[in-house]
Amino acid sequence: MQFPQSKHRSPIDRRTVLARMGRFAMVAATAAGLGVVALAGTTGGAAAAEKVSLRLKWLTQTQFAGFYVAKAKGYYDAVGIDLTINPGGPNLNADALVASGADTFGLTGGAESQLAAADKGLPLVAFGVSHLTTPYVFVAKASSGITKLEDFRGKKVSTWFTGAQHTLKAMLASVGIGEKDFTLVPQSATMNPFIDGQVDVATATLYNEYQTLVAKGLTDLKVFRADDYGISVPRDTLVTTKAIAEGKPQLVQNFLEATLKGWQYALRNPDEAVDIVMKVDPSLDRAHQAAQMKVLRELMLPPGAPGLLAIEYPKIEKLAQLLKDAGVLTKVPDVHAAFDDRFWKAAPDSLKKL
Amino acid sequence: MSGITRLTGRGCGSVCLPIVMILVAAALWELSPRVFKISPYYFPPLSDVLAEGWRIRTIVLDGIVRTVTETLLGFSAGALFGIACGVLFALVRPLERAVFPLFVVSQTVPVVAFGAIVIIWFGNTIFAKVVIAFYLTFFPVTVNTHAGILACDPQKVALMRSFGAGPAAIFWRLRLPSALPTIAVALRLGISLGLIGAIVGEWFGDTVGLGVMLIQAMYTEAVVRLWLIILCCGVVGAGLYGAVAFVERRLVWWRSDA
């Protein structure tokens, strides 16, 4: 069977096609040659930047402004780090991605997840902690009549079963409320059950859920902070593998110092920091992000804190004992192995304050 | 169906009926929150959702472009792979017996379980989302291609053989064309699944796309935004489905279910 188009095909057509292909090949070859020269030029010049990635614990938001600011301001470039910031998500575990080598650095859950990682034998080491005070709180509506921790007795309390439940239980145990004295339910992604009054007490991070509640008009909330009951859960830990910490200490040092610089700038210039983050993800709600930025200041540099991204061993040791008693950890791990503050100590003090 | 078509007039049924239904649904969406005084937090009226869409139109458009790109790439790869596997399984039965169970196993694992692994392998690239879209697409296409080719009428095969047609001619002129209507059904299924794959893929860390916006809206309780993204996903899904169905009607005009 003959196709009708084949009648129109002529040798001239074929020649033009060949000529065109030839011209294209020449252009492509020239372009490739230029590319090679250009490439040689860049690698031959300044020291080649090391390709490094940072995995965040969650989607892009001002909670991670310091990293985005440091990147936008060229602080990483200046120390030879070509950083890719990879956002996290609900189904991603930053610890696993760093431990597997998929990412160089990670901003992981917090002291509790880093202790659990150490307990499980994951080869991770933390070299900085962002939130020096527990970033989540337990909230109750004024109408619930709950004014003190003792009032939790007999109430329905929702919390995240990813670690926060141990903080809650320890807080309640400190005022003599046992696990059987209140109803504990897992908290889902939405604050709806709390808003509707299906639960009396809910858990909220000061930078996200709490801001959402305030934005929804729930301004009259009674807030219970773990730190007021002698329990502190420092969160948002900067981690890398032990192999990188030992094998490339200068990389870790440079990364930490550039990050400190980024955070310092972000906290000093919150509006600009929000702008930089909004540029990365324009679909974010600016008001929410600005509110988040404001809270970060008090979480990252609370009164009496040693400085930005500090590792506070006494708090972590106390938390480790608490988690061991709760049966979460099989033993109290060596916190100095899981958290290594030598990089932070070596960083100039001027970068750690505002 | 033919009764309804007759009621609405000839030729109008396939176009007018869906439009009427969409308008009715839109009216219900707009009016029910107002009439029943439902808080916008539970169910915002359509006009609120559309206003939000207009406010952030460039962002929504960027998101749609990204997600559709991921879907089309994953769907194309999945469709080609699925058709190739389906043909291979139909022609080489031992291969079918050996490999097909693995395909079935792969589909019983929820895709979310693979997410972290896909990220480890492909990083936070568009490729990671394409792979998930591919993963959801190829299976129905494989199954339908396989079934379509095997369902070929043996009498027709015998007839062609009696005219001296070789296996290649029988495949290209009889088996594949007669399987195409079945394959086309799988493609319509596959494009919808591909979209879901792309959206879920974006949940594993990204900054652009409908999936990213969906999660953000979910976790910041931005209910109007959430409905907007749901609406966008629906419109995009329907559009893609319609496009595949259109191509199918043009290319596979002999389809059996028409």
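We use all heavy atoms of the structure for the numbers below, so side chains are in, but hydrogens, waters and symmetry mates are not. Letters A, B, ... are given to chains in the order of the sequence lines, protein chains preceding strands, and every chain is numbered from 1.
- Taking every heavy atom of both residues into account, B:Asp206 and A:Leu59 meet most closely at O-CD2, 4.3 Å.
- If you measure heavy-atom distances from A:Ile195 to chain B, the contacts under 4.5 Å come from the side chain alone.
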- Step-by-step side-chain contact (heavy atoms from CB on, under 4.5 Å) determination, B:Ile119 to A:Arg55: CA-CA 11 Å; B:Ile119 295 300; A:Arg55 174 66 60 174; 3.1 Å; yes

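- A donor-acceptor pair shorter than 3.5 Å can be found between the side chains of B:Gln216 and A:Asp281.
- Dense packing is recorded around NZ of A:Lys242, with more than 12 heavy atoms of other residues, nucleotides or ligands lying under 6.0 Å away.
- At most 12 non-hydrogen atoms from other residues, nucleotides or ligands lie less than 6.0 angstrom from NZ of A:Lys294.
- Of the two parts of A:Asn192, the backbone and the side chain both hold a non-hydrogen atom closer than 4.5 Å to a non-hydrogen atom of chain B.
- Of the atoms belonging to A:Thr212, it is side-chain heavy atoms, and not backbone ones, that fall under 4.5 Å from chain B.
- In terms of heavy-atom proximity, A:Met191 sits nearest to B:Glu221 at N-OE2, 2.6 Å.
- Residue contact with chain A, scored on non-hydrogen atoms closer than 4.5 Å, is absent for B:Ile56.
- Around CZ of B:Phe127, the count of heavy atoms belonging to other residues, nucleotides or ligands within 6.0 Å does not exceed 12.
- Side chain of B:Arg225 to backbone of A:Ser283: a donor-acceptor contact under 3.5 angstrom is found.
- In this structure, A:Lys216 places its NZ atom where more than 12 heavy-atom neighbours from other residues, nucleotides or ligands lie under 6.0 Å away.
- Across B:Tyr42 and A:Asp196, no two heavy atoms sit closer than the pair OH-OD1, 2.8 Å.
- For CZ of B:Arg57, the number of neighbouring non-hydrogen atoms (other residues, nucleotides, ligands) closer than 6.0 Å is greater than 12.
- Residues B:Ile59 and A:Pro282 come closest through the heavy atom pair CD1-O, 3.1 Å.
- Taking both residues in full, the closest heavy atoms of A:Pro90 and B:Tyr219 are given as CB-OH, 3.8 Å, listed atom of the first, atom of the second, then distance.
- Ranked by heavy-atom pairs under 4.5 Å with chain B, the list A:Asp103, A:Thr60, A:Leu97, A:Asn208 is led by A:Leu97.
- When all heavy atoms of A:Pro87 and B:Asn124 are compared, the pair lying nearest together is O-ND2, 3.8 Å.
- For A:Ser100, the part lying near chain B is the side chain, with the backbone staying farther off; criterion is any non-hydrogen pair under 4.5 Å.
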